[in-house]
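Since the structure comes first, as C-alpha coordinates, the remarks are kept for the end.
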Amino acid sequence: QGSSYRLQEVVEYLDRNQDRNKEGEKKKKESIFDLSKYIDKQIRVKFQGGREASGVLKGFDPLLNLVLDSTIEYLRDPDDQFKLTEDTRQLGLVVCRGTSVVLICPQDGMEAIPNPFIQQQDG
Amino acid sequence: MFSKSGPAVPELVDKCIGSRIHIVMKNDKEIVGTLLGFDDFVNMVLEDVTEFEITPEGRRITKLDQILLNGNNITMLIPGGEGPEV
(Lines give C-alpha, C1' and ligand atoms only; values in the text may rest on other atoms or scores of the structure.)
Protein backbone atom coordinates (compact mmCIF):
# COMPACT_ATOMS: atom_id res chain seq x y z
CA GLN A 1 0.00 0.00 0.00
CA GLY A 2 3.00 2.28 0.48
CA SER A 3 3.63 2.82 -3.21
CA SER A 4 0.66 4.86 -4.26
CA TYR A 5 2.15 8.11 -5.52
CA ARG A 6 0.00 11.03 -6.32
CA LEU A 7 -0.12 11.85 -9.99
CA GLN A 8 1.37 15.23 -9.17
CA GLU A 9 4.47 13.64 -7.70
CA VAL A 10 4.97 11.52 -10.79
CA VAL A 11 4.72 14.54 -13.04
CA GLU A 12 7.22 16.43 -10.94
CA TYR A 13 9.63 13.50 -11.02
CA LEU A 14 9.45 13.34 -14.81
CA ASP A 15 9.96 17.08 -15.16
CA ARG A 16 13.14 16.86 -13.16
CA ASN A 17 14.59 13.81 -14.78
CA GLN A 18 13.50 13.66 -18.36
CA ASP A 19 16.22 14.33 -20.91
CA ARG A 20 18.94 14.52 -18.31
CA ASN A 21 22.10 12.48 -18.05
CA LYS A 22 23.49 11.02 -14.87
CA GLU A 23 24.84 14.32 -13.60
CA GLY A 24 21.37 15.79 -13.83
CA GLU A 25 22.34 18.25 -16.54
CA LYS A 26 20.08 18.93 -19.43
CA LYS A 27 21.13 16.50 -22.14
CA LYS A 28 21.99 18.18 -25.41
CA LYS A 29 19.97 17.11 -28.40
CA GLU A 30 22.58 15.32 -30.44
CA SER A 31 22.19 14.21 -33.96
CA ILE A 32 22.59 10.50 -34.47
CA PHE A 33 24.00 11.10 -37.90
CA ASP A 34 26.68 13.47 -39.12
CA LEU A 35 25.84 15.03 -42.46
CA SER A 36 29.10 16.93 -42.72
CA LYS A 37 30.65 13.99 -44.53
CA TYR A 38 28.17 14.59 -47.35
CA ILE A 39 29.01 18.27 -47.78
CA ASP A 40 29.86 19.03 -51.41
CA LYS A 41 28.70 15.58 -52.42
CA GLN A 42 25.73 14.67 -54.57
CA ILE A 43 22.88 13.30 -52.46
CA ARG A 44 19.40 11.97 -53.07
CA VAL A 45 16.58 13.21 -50.86
CA LYS A 46 13.07 11.83 -50.56
CA PHE A 47 10.21 13.80 -49.06
CA GLN A 48 6.87 13.15 -47.46
CA GLY A 49 4.28 13.30 -50.20
CA GLY A 50 6.46 11.43 -52.69
CA ARG A 51 8.74 14.12 -54.06
CA GLU A 52 12.34 13.22 -54.78
CA ALA A 53 15.28 15.46 -55.47
CA SER A 54 19.00 15.25 -55.90
CA GLY A 55 21.66 17.91 -55.43
CA VAL A 56 25.01 18.87 -53.94
CA LEU A 57 24.76 19.31 -50.18
CA LYS A 58 25.94 22.76 -49.23
CA GLY A 59 24.59 23.08 -45.70
CA PHE A 60 22.34 21.61 -43.07
CA ASP A 61 21.20 22.15 -39.51
CA PRO A 62 20.24 19.88 -36.58
CA LEU A 63 16.59 20.04 -37.66
CA LEU A 64 17.62 18.42 -40.94
CA ASN A 65 16.85 21.44 -43.06
CA LEU A 66 19.16 21.17 -46.07
CA VAL A 67 20.70 23.51 -48.60
CA LEU A 68 21.20 21.78 -51.95
CA ASP A 69 22.86 23.24 -55.03
CA SER A 70 22.26 22.35 -58.69
CA THR A 71 19.14 20.54 -57.55
CA ILE A 72 17.09 18.36 -59.86
CA GLU A 73 13.63 17.17 -58.93
CA TYR A 74 12.52 13.76 -60.22
CA LEU A 75 8.94 13.98 -61.32
CA ARG A 76 6.37 11.30 -60.68
CA ASP A 77 4.11 9.78 -63.28
CA PRO A 78 0.82 11.69 -63.18
CA ASP A 79 -1.18 8.47 -63.55
CA ASP A 80 0.68 6.38 -61.03
CA GLN A 81 1.96 8.50 -58.21
CA PHE A 82 4.32 5.77 -57.03
CA LYS A 83 6.20 5.48 -60.27
CA LEU A 84 9.04 7.78 -61.14
CA THR A 85 9.38 8.89 -64.73
CA GLU A 86 12.40 9.97 -66.71
CA ASP A 87 11.26 13.55 -66.35
CA THR A 88 13.26 15.90 -64.25
CA ARG A 89 13.36 19.62 -63.75
CA GLN A 90 16.22 21.87 -62.72
CA LEU A 91 15.70 23.87 -59.57
CA GLY A 92 19.15 25.32 -58.78
CA LEU A 93 19.86 26.42 -55.21
CA VAL A 94 17.17 25.06 -52.93
CA VAL A 95 16.35 24.94 -49.23
CA CYS A 96 14.72 21.65 -48.20
CA ARG A 97 12.55 21.65 -45.10
CA GLY A 98 13.73 19.12 -42.54
CA THR A 99 10.17 18.50 -41.41
CA SER A 100 9.45 17.07 -44.83
CA VAL A 101 12.59 14.97 -45.37
CA VAL A 102 12.18 11.20 -45.00
CA LEU A 103 15.37 9.85 -46.55
CA ILE A 104 18.86 11.04 -47.42
CA CYS A 105 21.41 8.90 -49.22
CA PRO A 106 24.39 9.38 -51.51
CA GLN A 107 23.38 9.66 -55.14
CA ASP A 108 25.43 6.64 -56.10
CA GLY A 109 24.21 4.66 -53.10
CA MET A 110 21.02 3.35 -54.62
CA GLU A 111 19.77 1.73 -57.79
CA ALA A 112 16.42 0.58 -59.15
CA ILE A 113 15.87 -3.20 -59.09
CA PRO A 114 13.08 -5.40 -60.44
CA ASN A 115 10.24 -5.89 -57.98
CA PRO A 116 11.42 -8.67 -55.60
CA PHE A 117 7.96 -9.17 -54.15
CA ILE A 118 6.17 -10.39 -57.24
CA GLN A 119 5.28 -14.07 -56.84
CA GLN A 120 6.24 -16.32 -59.74
CA GLN A 121 3.32 -18.44 -60.96
CA ASP A 122 3.92 -22.22 -60.73
CA GLY A 123 3.06 -24.38 -63.79
CA MET B 1 30.14 29.27 -47.65
CA PHE B 2 27.46 27.03 -46.19
CA SER B 3 29.63 24.21 -45.02
CA LYS B 4 29.18 24.73 -41.33
CA SER B 5 26.34 23.03 -39.56
CA GLY B 6 24.11 25.21 -37.47
CA PRO B 7 21.47 27.73 -38.50
CA ALA B 8 22.41 27.48 -42.17
CA VAL B 9 18.89 27.49 -43.36
CA PRO B 10 17.25 30.42 -41.59
CA GLU B 11 20.26 32.51 -42.62
CA LEU B 12 19.79 31.61 -46.26
CA VAL B 13 16.06 32.29 -46.17
CA ASP B 14 16.73 35.59 -44.43
CA LYS B 15 18.82 36.70 -47.40
CA CYS B 16 15.76 36.23 -49.59
CA ILE B 17 13.57 38.71 -47.78
CA GLY B 18 12.45 41.26 -50.31
CA SER B 19 13.04 39.09 -53.35
CA ARG B 20 11.04 36.55 -55.28
CA ILE B 21 10.83 33.06 -53.90
CA HIS B 22 9.28 29.88 -55.22
CA ILE B 23 7.80 27.54 -52.61
CA VAL B 24 7.14 23.88 -53.40
CA MET B 25 4.60 22.15 -51.15
CA LYS B 26 4.41 18.47 -50.22
CA ASN B 27 1.49 18.05 -52.58
CA ASP B 28 1.28 19.29 -56.15
CA LYS B 29 0.96 22.94 -55.26
CA GLU B 30 3.58 25.66 -55.74
CA ILE B 31 3.58 29.27 -54.69
CA VAL B 32 5.63 32.13 -56.14
CA GLY B 33 5.78 35.46 -54.37
CA THR B 34 7.88 38.18 -52.78
CA LEU B 35 9.09 37.13 -49.37
CA LEU B 36 8.22 39.58 -46.64
CA GLY B 37 9.14 37.46 -43.66
CA PHE B 38 9.03 34.11 -41.91
CA ASP B 39 9.17 32.66 -38.43
CA ASP B 40 10.88 29.81 -36.61
CA PHE B 41 8.44 27.30 -38.07
CA VAL B 42 9.01 28.72 -41.57
CA ASN B 43 5.48 29.96 -41.87
CA MET B 44 5.89 32.65 -44.51
CA VAL B 45 4.37 35.99 -45.36
CA LEU B 46 4.38 36.62 -49.10
CA GLU B 47 2.92 39.21 -51.41
CA ASP B 48 2.10 39.46 -55.10
CA VAL B 49 1.50 35.75 -55.01
CA THR B 50 0.76 33.30 -57.81
CA GLU B 51 -0.49 29.86 -56.90
CA PHE B 52 0.17 26.89 -59.23
CA GLU B 53 -1.54 23.52 -59.25
CA ILE B 54 0.79 21.18 -61.12
CA THR B 55 -1.45 18.24 -61.98
CA PRO B 56 -4.30 19.98 -63.81
CA GLU B 57 -1.57 21.63 -65.91
CA GLY B 58 -2.39 25.21 -65.31
CA ARG B 59 -1.99 28.29 -63.25
CA ARG B 60 -4.66 28.69 -60.66
CA ILE B 61 -5.05 31.90 -58.76
CA THR B 62 -3.13 35.14 -58.70
CA LYS B 63 -3.50 36.91 -55.40
CA LEU B 64 -2.18 40.29 -54.44
CA ASP B 65 -1.95 41.85 -51.02
CA GLN B 66 -0.42 39.47 -48.62
CA ILE B 67 -0.76 35.85 -47.65
CA LEU B 68 0.36 33.90 -44.65
CA LEU B 69 1.53 30.52 -45.91
CA ASN B 70 1.35 27.71 -43.36
CA GLY B 71 4.81 26.16 -43.07
CA ASN B 72 3.42 22.70 -42.25
CA ASN B 73 3.36 21.61 -45.87
CA ILE B 74 6.40 23.36 -47.27
CA THR B 75 8.93 20.98 -48.84
CA MET B 76 11.33 23.19 -50.80
CA LEU B 77 12.15 26.87 -51.01
CA ILE B 78 13.80 28.18 -54.17
CA PRO B 79 15.12 31.72 -53.88
CA GLY B 80 14.68 33.80 -57.00
CA GLY B 81 12.57 31.07 -58.56
CA GLU B 82 9.90 31.98 -61.07
CA GLY B 83 7.80 28.88 -60.65
CA PRO B 84 7.02 25.95 -62.91
CA GLU B 85 7.06 26.30 -66.66
CA VAL B 86 3.58 27.09 -67.99
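Proteins come first, then strands; the chains are lettered A, B, ... in the order of their sequence lines, and each starts at number 1. As the structure is a computational prediction, the values presented were derived from the model and not from experiment.
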R51(A) versus D28(B), closest heavy-atom pair with distance: NH2-CA, 3.6 Å
Inter-residue atom distance L91(A).CG - L77(B).CG, 0.5 Å rounding: 11.5 Å
Partner set under side-chain contact (heavy atoms from CB on, under 4.5 Å) for T99(A), not counting sequence neighbours: R97(A)
Rounded distance (nearest 0.5 Å) linking atom CE of M76(B) with atom CD of E73(A): 4.0 Å
Contacts of type side-chain contact (heavy atoms from CB on, under 4.5 Å), residue V32(B), not counting sequence neighbours: R20(B), H22(B), F52(B)
ILVMFWY cluster, I31(B) and I17(B) together (side-chain gap under 4.5 Å): yes
Structural part of N73(B) lying under 4.5 Å from a heavy atom of chain A: neither
I74(B) reachable from I67(B) in the ILVMFWY side-chain graph, under 4.5 Å edges: yes
Distance (rounded to the nearest 0.5 Å) between S100(A) OG and K26(B) NZ: 4.5 Å
Single-linkage hydrophobic cluster, 4.5 Å side-chain cutoff, L68(B) and L36(B) together: yes
